[in-house]
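The structure appears right after this line, and notes come after that.
Since we're looking at a predicted model, the values are computed, not measured. Just so you know, these numbers use all the heavy atoms, side chains as well, and skip hydrogens, waters and symmetry mates.
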Amino acid sequence: MADSKIGIRNVYKIFGEQWRRALALAQDGIDKADVLARTGCTIGLNNISLDIAAGEIFVVMGLSGSGKSTLVRHINRLIDPSAGAIEVNGHNILEFDRRALRHLRRHSISMVFQGFGLLPHKTVLDNAAFALRTRGDDRRAAVALAREWLVRVGLEGYENKYPDELSGGMRQRVGLARALAADTDIVLMDEPFSALDPLIRGEMQDQLLQLQAGLRKTIVFITHDPGEAFKLGNRIALLRDGKLVQAGRPADLLAHPADDYVSRFVEGQRTGGGRNGP
């Protein structure tokens with residue numbers, strides 16, 4: 001893809017002591033259950049290749065154990081693959097040394113976690129400014145920018161509160177403000193709204209879409225919920241047992257499912273629509 005921001009190239013991830021043997025078996029086409037029986041190793045990702053375009057919300061969808069969270073953690077090298085390459089802006093980040101990797105994480109990629117990831121002993125404002133301060137930005141400038149983002153996510157007046165004084169939805173807004181304040185081109189979101197009740201979850205989805213309309217970040221969004229995937233995604237990748245089953249625009253998955261599994265997974269969206277992408 002010419003405008004690819006992130007490229008995932010034939011990535012395998014094997015968990016276990018005999019991972020090299022398990023990798024060879026997986027590359028020979030042996031299935032996940034058989035590899036586990038032979039080696040005691042678990043296939044997390046099995047020959048995944050994807051291109052993610054600049055400025056899109058790319059949703060990775062799948063059930064528990066499908067490999068979706070494992071995949072997103074490869075993009076900032078919280079996890080290294082057993083084989084394959086991860087490209088960001090055309091560079092294979094597996095070749096980065098510690099200094100280059102640290103720069104990537106501080107200036108190019110930010111992350112919003114499912115469990116909020118806030119520091120309980122710091123105020124809302126300090127949490128929102130944390131990524132900026134960690135990379136060495138001037139405190140006054142960092143605090144001013146964090147304050148601006150707290151206003152944009154609807155938390156004006158809560159700057160001096162602590163995380164345990166906030167609701168779950170408000171804590172997630174702090175996490176979103178922290179990631180967006182860092183002003184990275186890429187934002188990774190690992191099931192960020194799954195812990196929220198349905199009403200607040202819908203509000204957070206709407207807010208993300210409103211922010212994205214102006215920001216045009218490259219967002220990789222992880223979810224197990226087809227409704228959320230179809231609401232947010234310009235494109236969607238569906239994983240199953242570490243394998244990529246199908247990737248495409250929401251309308252493509254609805255109109256041309258690759259197999260019965262995809263068809264069953266998206267069945268509830270046939271009357272609800274989805275975004276067709278840019």
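- Under the salt bridge (charged side-chain N to carboxylate O under 4.0 Å, His left out) test applied with D185, the options K217, K5, R216 reduce to a single match, K5.
- Note that the CD1 atom of I30 and the CG atom of L36 stand 13.5 Å from one another [nearest 0.5 Å].
- T223 contributes atom OG1, which lies 5.5 Å from atom CZ of F221 (distance to the nearest 0.5 angstrom).
- Neither I48 nor W19 shares a network with the other; the hydrophobic side chains, linked directly or stepwise wherever heavy atoms of I, L, V, M, F, W or Y lie under 4.5 Å apart, form separate groups for each.
- Across all their heavy atoms, G157 and E159 have their closest contact at N-OE1, 2.9 Å.
- Rounding to the nearest 0.5 angstrom, the gap separating the CE atom in M189 from the CE atom in M111 is 10.5 Å.
- Side-chain atoms of P250 and I236, non-hydrogen and from C-beta on, do get closer than 4.5 Å to each other.
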Working note: R235 + D252, criterion salt bridge (charged side-chain N to carboxylate O under 4.0 Å, His left out); need CA distance, chi angles, decisive distance, verdict. CA-CA 9 Å; R235 289 189 300 139; D252 296 333; over 6 Å; no
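- Considering only heavy atoms from C-beta on, P163 comes within 4.5 Å of N127 through its side chain.
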Given R133 and D126, is the side chain to side chain contact (heavy atoms under 4.5 Å, CB included) satisfied, shown in steps? CA-CA 9 Å; R133 294 291 295 137; D126 285 339; over 6 Å; no
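- Between I219 and F58 the shortest side-chain heavy-atom distance does not fall below 4.5 Å.
- Ring geometry for F265 versus Y261: interplanar angle of 30 to 60°, hence tilted.
- Contact annotation: the side chain of Q210 never approaches that of L215 to less than 4.5 Å [non-hydrogen atoms, C-beta and beyond].
- Within the cation-pi definition used here (under 6.0 Å to the ring centroid, within 45° of the axis), R77 does not qualify as a partner of F96.
- In D28, the CG atom is crowded: over 12 heavy atoms of neighbouring residues, nucleotides or ligands sit closer than 6.0 Å.
- The line from CZ of R178 to OG of S110 is 9.5 Å long, rounded to the nearest 0.5 Å.
- M170 places none of its side-chain heavy atoms less than 4.5 Å from the side chain of V124.
- Residues L211 and W149 form a side-chain contact, since some pair of their non-hydrogen atoms from C-beta on lies under 4.5 Å apart.
- In this structure, H256 places its NE2 atom where only 12 or fewer heavy-atom neighbours from other residues, nucleotides or ligands lie under 6.0 Å away.
- In this structure, L78 and R105 have side chains that are in contact, with non-hydrogen atoms separated by less than 4.5 Å.
- With hydrophobic clusters built from ILVMFWY side chains whose heavy atoms lie under 4.5 angstrom apart, I186 shares a cluster with I222.
- Atom OG1 of T42 sits about 6.5 Å away from atom NZ of K32, to the nearest 0.5 Å.
- Residues I43 and D241 are not in side-chain contact: their nearest non-hydrogen atoms beyond the backbone lie 4.5 Å or more apart.
- Under the 4.5 Å side-chain contact rule for hydrophobic residues, F130 and L104 do not share a cluster.
- A 6.0 Å sphere centred on CD of E156 holds no more than 12 heavy atoms belonging to other residues, nucleotides or ligands.
- Note that CG of L244 and CG of L71 are 9.0 Å apart. Values are rounded to the nearest 0.5 Å.
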